[in-house]
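Okay, so here's the structure we're looking at.
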Amino acid sequence: MQYRPTEIESKWQQRWAEAKVAEVDVTAPGEKLYMLNMFPYPSGDLHVGHGRNYILGDALYRFFRMQGRVALNPMGWDAFGLPAENAAIKRGIHPREWTLGNIGRMKQQFARWGILYDWSKELASCEPEYYHWNQWLFLQLYKRGLAYRGTAPVNWCPQDQTVLANEQVIDGRCERCSAIVEQRELSQWFFKITAYADRLDAGLDTLHEWPEKVKLMQRNWIGRSLGADVDFDVPALEHPIRIFTTRPDTIFGATFMVLAPEHPDVPKLIADHPDREAIDEWITAVRNQTNLERQEKGKEGRDTGKTAINPFTGEPIPIWLGNFVLPQYGTGAIMSVPAHDQRDFEFARQYGLPIKIVVRPASGETLDDANMTEAFTFKDESGVAANSGPIDGMPVPKAIETIIALIEERGIGKGTVRYRLRDWLISRQRYWGTPIPMLYCDKDGLVPVPEEQLPVTLPLDVPFTGREGNPLAKHEAFVNATCPQCGGPAKRETDTMDTFVDSSWYFTRFITPRDDQKIFDSAVVNRWLPVDQYIGGIEHAILHLLYARFITRTLHDMGLVAFEEPFARLFNQGMITKEGYRDPHGSWVPIAEVEWRDGKPYRGQTELTAEVGKMSKSRYNVVPPDELIEKFGADTERVYTLFIAPPEKEAAWSDEGVIGAYRFLGRVWHMGVAIIEALGNGQPGGDTPRAVLRKMHQTIDAVTKRVEKFEFNTSISGLMEYSNTLGDAVGANAASLRKPYEALLQMLHPFAPHMTEELWSMLGNEEFVLTSRWPVADPALMQEDSVVIAVQVNGKLRGQVEVPAPPDEATVFAAVFAHERIQTWVSGKEIVKRVYVPGKLVNLVVK
RNA sequence: GCCCCGGUGGCGAAAUGGCAGACGCUGCGGACUUAAAAUCCGCUGCCCCGUGAGGGGCGUGCCGGUUCGAGUCCGGCCCGGGGCACCA
């Protein structure tokens with residue numbers, strides 16, 4: 001009987017769907033487990049790289065449900081976003097139609113992979129039933145002052161014709177389309193995530209089951225800095241200028257001050273400057289530069305001709321303007337300590353400003369201040385304050401503490417904490433998103449849409465003409481509304497929300513997705529959340545995961561949820577890459593067009609370069625699952641995908657490697673057929689051989705531990721080993737292997753669910769997915785009959801002896817001395833203490 | 001520049017401080033076949049000695065340290081990947 005995966009798989013997929021096996025009653029008793037894969041953007045077709053993500057989640061889900069947990073595994077769609085709108089412009093399909101079509105195809109693909117989702121909980125963020133609550137959430141934040149409209153320099157993507165959040169700008173380019181982002185001064189909607197900076201930072205310490213890497217990235221992004229705000233008197237102004245520094249201990253070395261060109265005091269300071277026009281011109285030029293251009297240009301500055309008084313030395317220091325001082329961070333003004341800050345040092349050298357050393361090495365080593373090539377940055381006890389009056393001789397940390405106390409005493413400033421994090425810009429000048437529920441009334445100004453009027457429905461009948469701004473703004477019926485306060489005419493806000501708003505709370509909605517009275521039921525949500533296991537790509541380390549942590553805290557503060565962290569355990573799977581080919585001009589060559597000559601890739605007469613990279617259509621290196629499943633079955637793809645490498649690692653897809661997984665499943669299949677035949681022949685069962693039983697319990701023990709640790713690759717290799725053991729035994733007495741074989745099927749089920757389900761029923765058992773449990777290892781039966789003891793003398797292997805298990809000391813001694821090649825010996829790790837024989841040190845190592 | 005994470009056969013990778021390379025791919029040899037595919041069996045880190053059974057040496061990026069014993073722990077380098085980047 002041949003292994004025919006295709007027939008088996010469609011049969012069971014249909015059966016699982018009909019029986020709704022994954023549907024969960026959220027009020028049912030039992031030990032809950034909330035599994036979640038990050039809900040995908042419905043971009044259309046899924047390739048094997050996407051598959052890794054969902055297969056991994058499904059394997060884990062099946063494992064947990066076999067362990068008796070009430071496991072919820074929902075799936076939905078992050079369905080708003082730019083690609084749908086671009087498709088509409090390019091191909092004349094409505095974004096909604098395009099999105100829903102893609103969702104249909106992706107659902108089919110999930111089914112073909114044998115993935116069990118609770119489809120009764122399905123949601124799509126583009127439907128009014130969902131974005132209604134997105135708008136409701138916005139209003140709650142608005143009420144609490146956490147959503148506000150403000151004017152600020154923002155990132156503008158000229159390609160996508162919209163503003164972007166800081167998190168969506170990568171190396172000065174748009175995350176989505178790679179166009180160079182421009183700075184524009186615009187009035188926009190923000191969420192006040194900075195109000196939660198301290199809690200978002202502190203909360204990271206409680207996330208013990210998150211990858212360190214992700215926590216570190218978030219920590220860097222939030223950028224908590226401890227320091228001090230200090231006022232410097234400025235004779236030319238009526239008020240002092242406040243600076244922020246993380247190194248107040250170096251204040252005696254502050255030899256000049258630098259302001260951002262945007263600093264509010266600048267116009268006054270340069271008002272009577274002889275080169276005022278030139279400086280103004282320079283300021284305008286700097287303001288119009290993108291961050292990228294500023295950095296490329298290097299440091300540039302202008303002297304204002306005015307001075308500030310260093311509050312500790314009492315000396316006047318020049319005030320400069322500098323393009324490297326950021327207006328948005330700190331106070332937009334810095335004290336420059338060129339001796340101990342690299343940027344200040346470079347600036348001082350460039351403009352010939354004085355450098356004064358005020359920290360020296362604790363080691364007593366002297367510093368050569370005449371030939372400095374870089375700043376001496378002592379951040380810890382390795383440095384002590386020098387030339388610094390009251391703090392002279394203090395190690396840096398102590399000096400910081402003391403000087404802050406002095407600053408506060410004198411009333412010229414205070415110790416402060418600053419964050420790099422900036423408010424989350426959530427408005428987008430695009431159509432396909434959640435309308436922001438706000439109105440502009442000539443009389444009442446900015447007016448929120450009353451909750452009972454929600455949802456503000458996104459009109460579907462809009463023209464998609466291309467690049468002339470947001471089509472929503474041209475929809476008269478949408479734009480013109482009535483002011484709920486005065487009853488007069490009002491205009492609707494036409495900006496829509498960043499889709500990251502949609503995804504920052506969807507995990508709470510999955511519990512009660514059809515509730516049309518409220519966003520969710522707090523009691524039920526508090527039972528099911530936090531999510532026990534969250535799975536997704538590392539690309540969301542900052543964006544989605546930070547926003548979700550923020551919004552969850554706001555929900556907590558509204559009294560809607562009891563927890564502050566939405567995801568207890570996080571796992572980031574690695575990408576699947578595939579070799580692709582480029583011609584000498586750099587264009588990608590479809591794999592089908594590559595010819596091989598002397599082991600080298602060619603197209604026509606040109607030799608090609610092989611490259612390994614992310615699968616994408618533009619690279620022509622996508623492996624679609626269809627053919628693969630047609631030929632080998634979804635179980636093979638699942639097993640191969642999990643076996644290929646540790647799941648957190650990037651892995652290169654190998655078409656040859658797939659065959660190994662297929663052969664393995666084939667062997668398991670044929671072994672099963674042989675056992676079933678033997679049982680059917682009335683062959684006496686007989687006792688399972690001890691060695692097989694032992695291997696079974698050892699394997700159960702090992703595989704259980706490995707799956708819990710996400711070590712799917714070694715779980716599968718363990719099962720291969722075990723199956724090889726069974727394969728060797730099957731010739732002797734197949735009928736005696738029923739139990740050990742069933743254990744193999746049980747452990748293999750999360751990886752190859754269809755085949756194991758089929759064999760399970762061929763063995764006459766009840767439906768697997770509904771009844772079977774994960775096997776439990778018996779430690780007593782794992783014990784070996786004998787133990788091999790390696791005898792080492794001075795680290796060299798001298799021989800081996802075998803004694804019955806468990807080994808006792810006397811037997812080991814006797815056996816070792818009886819061994820012809822061993823005259824002396826000593827200690828091992830587990831049984832014996834170390835023993836010294838005259839002149840030699842010998843070890844016993846228990847294996 | 002700062003901060004992380006890696007470096008083991010031809011390839012993907014295993015290895016609570018205890019016989020490095022499990023498991024799989026590739027390759028080679030064989031069985032089956034008219035033939036091929038598929039399948040099954042054997043070998044497969046490198047070098048040397050031996051006709052053979054077998055034996056010996058070297059091996060986890062480099063240098064050093066701890067230890068009876070190091071891929072694993074410690075110190076210093078080299079190389080690769082990732083994150084942040086005028087954040088004061």
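Each chain gets a letter, A, B and so on, in the order the sequences are listed, and its residues count up from 1. Scope of the values below: all heavy atoms of this structure, side chains included, with no hydrogens, waters or symmetry mates. Please read all numbers here as calculations on a predicted model, not as lab measurements.
Comparing B/A88, B/G82, B/G24 against the side chain of A/Arg667 picks out B/G24 as the nearest.
The phosphate of B/A88 has OP1 or OP2 within less than 4.0 Å of a side-chain N or O from A/Ser225. Close to B/G24, at under 4.0 Å from its OP1 or OP2, lies no side-chain N or O of A/Arg663. Proximity of A/Lys649 to the phosphate of B/A13: a side-chain N or O atom is located under 4.0 Å from OP1 or OP2. Residue A/Asn724 has no polar side-chain atom (N or O) positioned under 4.0 Å from OP1 or OP2 of B/A22. The phosphate of B/U16 has neither OP1 nor OP2 within less than 4.0 Å of any side-chain N or O from A/Arg706.
Both the sub-6.0 Å distance and the 45° axial angle are not jointly satisfied by A/Lys695 relative to the ring of A/Tyr722.
B/G71: no Watson-Crick or G-U partner with both key distances under 3.5 Å is found in any strand. Pair assignment for B/G21 gives none, since no Watson-Crick or G-U wobble pairing has each distance under 3.5 Å.
We find that CH2 of A/Trp653 is positioned 18 Å from P of B/G24, with the value rounded to whole Å. Atom pair A/Asp341:CG and B/C2:C1' shows a separation of 13 Å (rounding to whole Å applied).
For a distance-only test at 3.5 Å, the side chain of A/Lys299 qualifies as a donor-acceptor partner of the base of B/C86.
Across all strands, A/Arg418 comes closer than 4.0 Å to no nucleic acid atom at all (heavy-atom distances).
Taking the centre of each ring, A/Phe712 and A/Phe643 stay at or above the 6.0 Å mark.
Ring geometry, A/Phe244 versus A/Tyr329: the interplanar angle exceeds 60°, so the pair is classed perpendicular (tilted spans 30 to 60°).
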